[in-house]
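Let me begin by presenting the structure, written as structure tokens, before commenting on it.
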Amino acid sequence: GQSVVLTGVLNGPPEYARDRVYLNLKVEHGFDGSVSLLCLGSGYRALNLRYGTRIRVSTKLTRTDNYRNPGVSPLSEYLERKGYDATGVIKSANSITRLEDTRVLPVLAWLYEWRERLQREIDSRFDPETAGVLDAALLGNRYNLSSAASERFREGGTFHVLVISGLHITFIGGLVLLIVRRLTNRRMLQFALPATIVWGYSVAVGAEASVVRAALMFTFAGFGTCVFR
């Protein structure tokens with residue numbers, strides 16, 4: 001509950017919503033652990049934050065709920081499941097000081113930048129309601145999804161469309177596989193190209209357990225055709 005100054009490196013891409021940003025900070029100075037930061041307001045894009053950026057931030061940390069409905073899992077359980085040690089709130093971009101970019105895996109950095117560019121393109125070309133649905137269904141960012149749209153999908157029994165899992169992996173991998181099969185008869189290429197695209201997409205959208213599971217099964221099935229199984 002006390003104000004602290006933390007220095008750390010962004011351990012993932014910034015998740016932009018319309019009036020807020022979510023950051024995953026791997027703390028280097030202040031304490032040893034990871035923090036989920038909710039940044040309210042605007043002006044964060046001007047900081048040019050990206051995966052691997054080292055920042056200094058002033059915030060208040062918490063691990064417990066002040067109020068909780070009966071039967072709802074506590075905040076500490078949620079944080080442990082997501083791999084965070086605490087959560088913090090930032091109310092102004094002035095609370096963040098950008099230091100420098102650290103060395104990261106270039107492929108990961110490229111995938112995250114591709115995802116962010118695509119989200120900006122979607123947000124600029126569609127109205128907020130449609131953009132929120134597309135951000136969730138294509139990129140795994142549900143922070144822009146309106147309550148009304150979310151409720152409509154739940155009532156219709158189709159909310160799973162907005163959660164990236166086996167449905168998305170099968171569609172993307174299957175589509176690429178059909179295209180590759182029209183271009184070449186080489187089984188190894190028919191396996192390698194769709195698998196590479198599927199894994200790149202899986203990592204870009206956050207590599208949740210359901211996504212990784214689907215990508216693994218797609219890879220096993222594709223490899224089976226290479227060995228005539």
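Under a cut-off of 6.0 angstrom, the local environment of CZ in Phe159 is crowded, with over 12 non-hydrogen atoms contributed by other residues, nucleotides or ligands.
Here OG1 of Thr53 is found 8.0 Å from CD1 of Ile55. Values are rounded to the nearest 0.5 Å. With values rounded to the nearest 0.5 angstrom, Thr97 atom OG1 is found 6.5 Å from Leu99 atom CG. With values rounded to the nearest 0.5 angstrom, Asn144 atom CG is found 9.0 Å from Asp19 atom CG. Atoms CZ and CG, from Phe191 and Leu177 in turn, are 11.5 Å apart once rounded to the nearest 0.5 Å. To the nearest 0.5 Å, atom CD1 of residue Ile169 and atom CH2 of residue Trp199 are 8.5 Å apart. With rounding to the nearest 0.5 Å, the separation of OG in Ser146 from CZ in Arg152 is 6.0 Å.
Within the cation-pi definition used here (under 6.0 Å to the ring centroid, within 45° of the axis), Arg50 does not qualify as a partner of Tyr112.
Across Ser42 and Ala93, no two heavy atoms sit closer than the pair O-CB, 3.9 Å. For the pair Ile164 and Ala137, the tightest heavy-atom approach, listed with the atom from each and the gap, is CG1-O, 3.8 Å. Nearest approach of Ala86 to Leu61, heavy atoms of both residues: CB-CB, 4.2 Å. The two residues Pro194 and Leu189 make their nearest non-hydrogen contact at CD-O, 3.7 Å. Scanning all heavy atoms of the two residues, the minimum distance from Ala17 to Tyr143 falls at CB-CB, 3.8 Å. Considering every non-hydrogen atom in both Ser58 and Ile90, the closest pair reads O-CG1, 4.3 Å.
Legend: side-chain hydrogen bond (donor to acceptor under 3.5 Å, both in side chains) pairs involving residues 163-192, not counting sequence neighbours: none detected. Under the side-chain hydrogen bond (donor to acceptor under 3.5 Å, both in side chains) criterion, the residue pairs touching residues 20-33 are Glu28-Arg54, with sequence neighbours excluded.
Cluster membership check: Leu49 shares its hydrophobic cluster with Val21, using side-chain heavy-atom separations under 4.5 Å among Ile, Leu, Val, Met, Phe, Trp and Tyr. In the hydrophobic clustering of this structure, Val57 groups with Leu47; members are Ile, Leu, Val, Met, Phe, Trp, Tyr whose side-chain heavy atoms approach within less than 4.5 Å, directly or through other members. Trp110 and Leu108 fall within a single hydrophobic cluster, where Ile, Leu, Val, Met, Phe, Trp and Tyr side chains are chained together by heavy-atom contacts under 4.5 Å. Note: the hydrophobic cluster containing Trp114 does not contain Val107 (ILVMFWY, side chain heavy atoms under 4.5 Å, direct or indirect links). The same ILVMFWY cluster, assembled from side-chain heavy atoms under 4.5 Å apart, contains both Phe218 and Val205.
Here the side chains of Phe126 and Val133 are not in contact, with every heavy-atom distance at 4.5 Å or above. Under the 4.5 Å side-chain criterion, counting only non-hydrogen atoms from C-beta, Tyr201 is not in contact with Leu111. Inter-residue side-chain proximity for Ile172 and Ile197 is flagged as met; some heavy-atom pair is nearer than 4.5 Å. With contacts defined as side-chain heavy-atom distances shorter than 4.5 Å, the pair Gln119/Leu138 does not qualify. Annotation: side chain of Arg115 is in contact with side chain of Glu15 (closest heavy-atom distance under 4.5 Å). Side-chain contact between Val35 and Asp85 is absent, with no heavy atoms from C-beta onward closer than 4.5 Å. Under the 4.5 Å side-chain criterion, counting only non-hydrogen atoms from C-beta, Leu145 is not in contact with Phe153. Inter-residue side-chain proximity for Val198 and Thr219 is flagged as unmet; no heavy-atom pair is nearer than 4.5 Å.
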Query - Pair Arg98-Asn48, side-chain contact (heavy atoms from CB on, under 4.5 Å): steps then yes or no - result: CA-CA 8 Å; Arg98 193 185 197 281; Asn48 194 25; 4.2 Å; yes

Report task. May I have the step-by-step check of side-chain contact (heavy atoms from CB on, under 4.5 Å) for Leu139 and Ile122, ending in yes or no? Result -> CA-CA 10 Å; Leu139 303 177; Ile122 290 173; 4.2 Å; yes

Requested in this report: Decide salt bridge (Lys or Arg N to Asp or Glu O under 4.0 Å) for Arg120 and Glu116; before the verdict, give the C-alpha distance in whole Å, the side-chain angles of both, and the deciding distance to 0.1 Å.
Outcome: CA-CA 6 Å; Arg120 286 203 303 266; Glu116 184 180 340; 3.0 Å; yes

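In this structure a side-chain-to-backbone donor-acceptor pair under 3.5 Å is present from Thr102 to Gly52. Panel note: side chain Asn141, backbone Tyr16; a donor-acceptor pair is recorded below 3.5 Å. Thr87 places a side-chain N or O within donor-acceptor distance of the main-chain N or O of Ser36, the cut-off being under 3.5 Å.
Here the rule is side-chain contact (heavy atoms from CB on, under 4.5 Å) with Thr59, and of Ile96, Leu25, Val5, Leu6 only Leu6 fits it.
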